[in-house]
Amino acid sequence: MHEIRVHNTLSGKVEPFVPLKAGVVHMYTCGPTVYDFAHIGNFRTFVFQDILRRFLRLRGFKLTHVMNLTDVDDRIIANAAAAGVGIREYTAKYVEAFYADCRTLSVESPEHWIRATDNIDEMVALIQKLQKKTYTYDSEGSIYYRISKFKDYGKLSKVDLSGIQAGARVDNDRYEKESARDFALWKAPKPGEHFWETPIGAGRPGWHIECSAMAMKYLGETIDIHTGGIDLAFPHHENEIAQSEAATGKPFVRFWMHAEHLLVEGEKMSKSLGNFFTLRDLFGKGYKPSALRFALASVPYRRQLNFTFDGLQQASSSVERLRNFAARLKNEKFPAGRQAGMSERIAKAASDFDAGLSDDLNTAQALAAVFDFVREANIAMDKGEFRKDEVKPAQEFLATFDKVFAVLEDNDAEKLQALGYDTGSDQASDAEIEKLVAARQAARQRRDFAESDRVRKELAERGILLEDTKDGSVRWKRK
Ligand code: AMP
Ligand code: ZN
């Protein structure tokens, strides 16, 4: 196994990853703001953190991973007030959709799903701590963080503080990315909008204090890994550091990991450009969850991901190739014994796979290790050289791959049905196809060619192509 190295935004370097406590990783992920359906850009970042958590688990770490749902946010509060409903009621639909989307993309549940609305007391307590240490000032019923008092401000994002005007305040959760300004920890109530009555006054928390308070509540004052999309490094994560470290005097996060953005056909996703896609938009066009997961996972997280429909199609073929290979291992009859060099070849593939992921989660390199091996093993099978004793180690390697990538199981149709898509009764599962293929083989063996032709035709109608191989076995693939 290789040394795990990750890029730390804080140092700007790729560093060996060692958790604070041996064998245990405490990790926090900024979750979605639940005012709308998540888009495929959001899921680029959530699939990245899923690959990270799965890889750490594969490598034997025990994980405590927290993901929050940001359900207190300017847009949510304003939208809920406009709709005349409470925050919980307004966000329920998007929270459910987010959970369903995660299941559909095989994004594992973290150990804790948490919500801002359930942790207001901790946010208030953290603000009180900052008040005592004079990091705050009040203005018109709101409480602001005085960033000039925190000498390390800017250390994560390297934002230039030279232009900062003392006391320049911003009340919005999201503001322009260039200027560092004092930000609201607590916001005065606005007419008609939801607020909490608390010891620091009536109002609601700012976005940044939510994550600081929740991360420290669940994971302690110093946590191992904090993840998010690159747009969150400034100001959100910079502000989280300022709040947490001012309050505790300890380092808040040891490794900051940020995913670069997803672009669509080279452009930033936006509703006005018509290139804005939720998962459901793609499933509605007939694309499979496994293909989308593969497409999102296959580009290393620190590279921008240029999403294209061609790329999605290729991802679909790649998944198919792997599933076919797994089916060959399971179904074909191989001659007994070992093939010279093959067990070393499998061990090398496994080692290269681990090397790729250990190298700052280089998924492209890890996948190359898998596909190189699959190509060579397929050739060996076609030549009749692949032997029975190699089946189990090859299957074990595929299982290791799938613990991280999670695309081998043929469950796309079920997942889409669970989301309410009619995938059509002609969408056959692997098991059904294999049954038909076996029935055709049996018909051929008893020389009932009428029946074997009928089955081949039925399979063709369901989009399955058959290929008879030299050794008498049959391979199939979807058109
Ligand atoms: P939000 O719901 O806006 O708070 O975003 C949820 C997560 O998605 C955050 O980690 C963002 O940084 C990330 N994100 C937003 N847009 C993109 C994008 N186009 N590509 C990758 N990640 C993104
Ligand atoms: Zn956050």
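Indexing begins at 1, ligand by ligand and atom by atom, following the structure's order. Just so it is clear, the model here is predicted, and its values are computed rather than measured.
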> Any non-hydrogen atom of F43 lying under 4.0 Å from ligand 1?
Replying inline: no
> What residue and heavy atom of the protein are closest to atom 10 (O) of ligand 1, and at what distance?
Replying inline: G229 N, 2.9 Å
> Nearest non-hydrogen atom to atom 21 (C) of ligand 1 belongs to which of C30, G41, A233, G31?
Replying inline: G41
> Quick check, are the ring centers of F46 and F98 under 6.0 angstrom apart?
Replying inline: yes
> Which pairs, with at least one residue in residues 245-257 and sequence neighbours excluded, count as a salt bridge (charged side-chain N to carboxylate O under 4.0 Å, His left out)?
Replying inline: K155-E245, E221-K250, D224-R254
> Could E320 and K477 be called an ion pair, given the rule that one side-chain N must be under 4.0 Å from one carboxylate O?
Replying inline: no
> In the protein, what heavy atom is nearest to atom 16 (N) of ligand 1, and what distance, to one decimal place, separates them?
Replying inline: H39 CE1, 3.5 Å
>> For S270, is there any backbone N or O sitting under 3.5 Å from a side-chain donor or acceptor partner on N275?
In response: yes
> Would R54 and D50 pass as an ion pair if we require N to O under 4.0 Å?
Replying inline: yes
>> Tell me if the centroids of the rings in F277 and F283 come within less than 6.0 Å of each other.
In response: no
>> Tell me which one of N8, L56, L63, V253 satisfies side-chain contact (heavy atoms from CB on, under 4.5 Å) with I225.
In response: L56
>> What I want to know is whether L262 and ligand 1 share at least one N or O pair that is separated by under 3.5 angstrom.
In response: yes
> Can you tell me which residue and heavy atom of the protein come closest to atom 22 (N) of ligand 1, and the distance to 0.1 Å?
Replying inline: T45 OG1, 2.7 Å
> Is the distance between the ring centroids of F307 and F309 less than 6.0 Å?
Replying inline: yes
Could you go through residues 23-33 and list every donor-acceptor pair under 3.5 Å that involves a side-chain atom there, pairing it with any protein atom two or more places apart or in another chain?
unit_1 : atom_1 : unit_2 : atom_2 : d
H26    : ND1    : L219   : O      : 3.2
Y28    : OH     : N68    : OD1    : 3.4
T29    : OG1    : H65    : NE2    : 2.7
T29    : OG1    : T227   : OG1    : 2.9
T33    : OG1    : R174   : NH2    : 3.2

> Parallel, tilted or perpendicular for Y301 and F48, by the 30°/60° rule?
Replying inline: parallel
>> Just to be sure I understand the site: which N, O or S atoms from the protein are less than 2.8 Å away from the Zn ion (ligand 2)?
In response: C30 SG, C211 SG, H236 NE2
>> Would D231 count as being in polar contact with ligand 1, using the rule that some N or O on each side must be under 3.5 angstrom apart?
In response: yes
> Between W207 and ligand 1, does any nitrogen or oxygen pair lie at a separation below 3.5 Å?
Replying inline: no
> When you measure from atom 15 (C) of ligand 1 to every protein heavy atom, which one gives the shortest distance, and what is it?
Replying inline: N42 ND2, 3.3 Å
>> Could you tell me, atom by atom, which parts of ligand 1 come under 4.0 Å of a heavy atom of G228?
In response: 10 (O)
> Which heavy atom of the protein is the closest neighbour of atom 17 (C) of ligand 1, given with residue, atom name and distance?
Replying inline: H261 NE2, 3.4 Å
> Is it true that R323 and D402 have a side-chain N and a carboxylate O under 4.0 angstrom from each other?
Replying inline: no
>> Quick check on contacts: which atoms of ligand 1 are under 4.0 angstrom from a heavy atom of F46?
In response: 6 (C), 7 (C)
> Looking only at non-hydrogen atoms, which of D36, T33, L232, I40 approaches atom 2 (O) of ligand 1 most closely?
Replying inline: T33
> Is the shortest distance from a heavy atom of K268 to ligand 1 less than 4.0 Å?
Replying inline: no
>> Please list, in number order, the atoms of ligand 1 under 4.0 Å from a heavy atom of P32.
In response: 2 (O)
> For the residue pair F183 and Y144, is the inter-centroid distance of their aromatic rings smaller than 6.0 Å?
Replying inline: no
Show me the donor-acceptor pairs, under 3.5 Å and distance only, between side chains in residues 13-22 and residues at least two apart or in other chains.
unit_1 : atom_1 : unit_2 : atom_2 : d
E15    : OE2    : S11    : OG     : 2.4

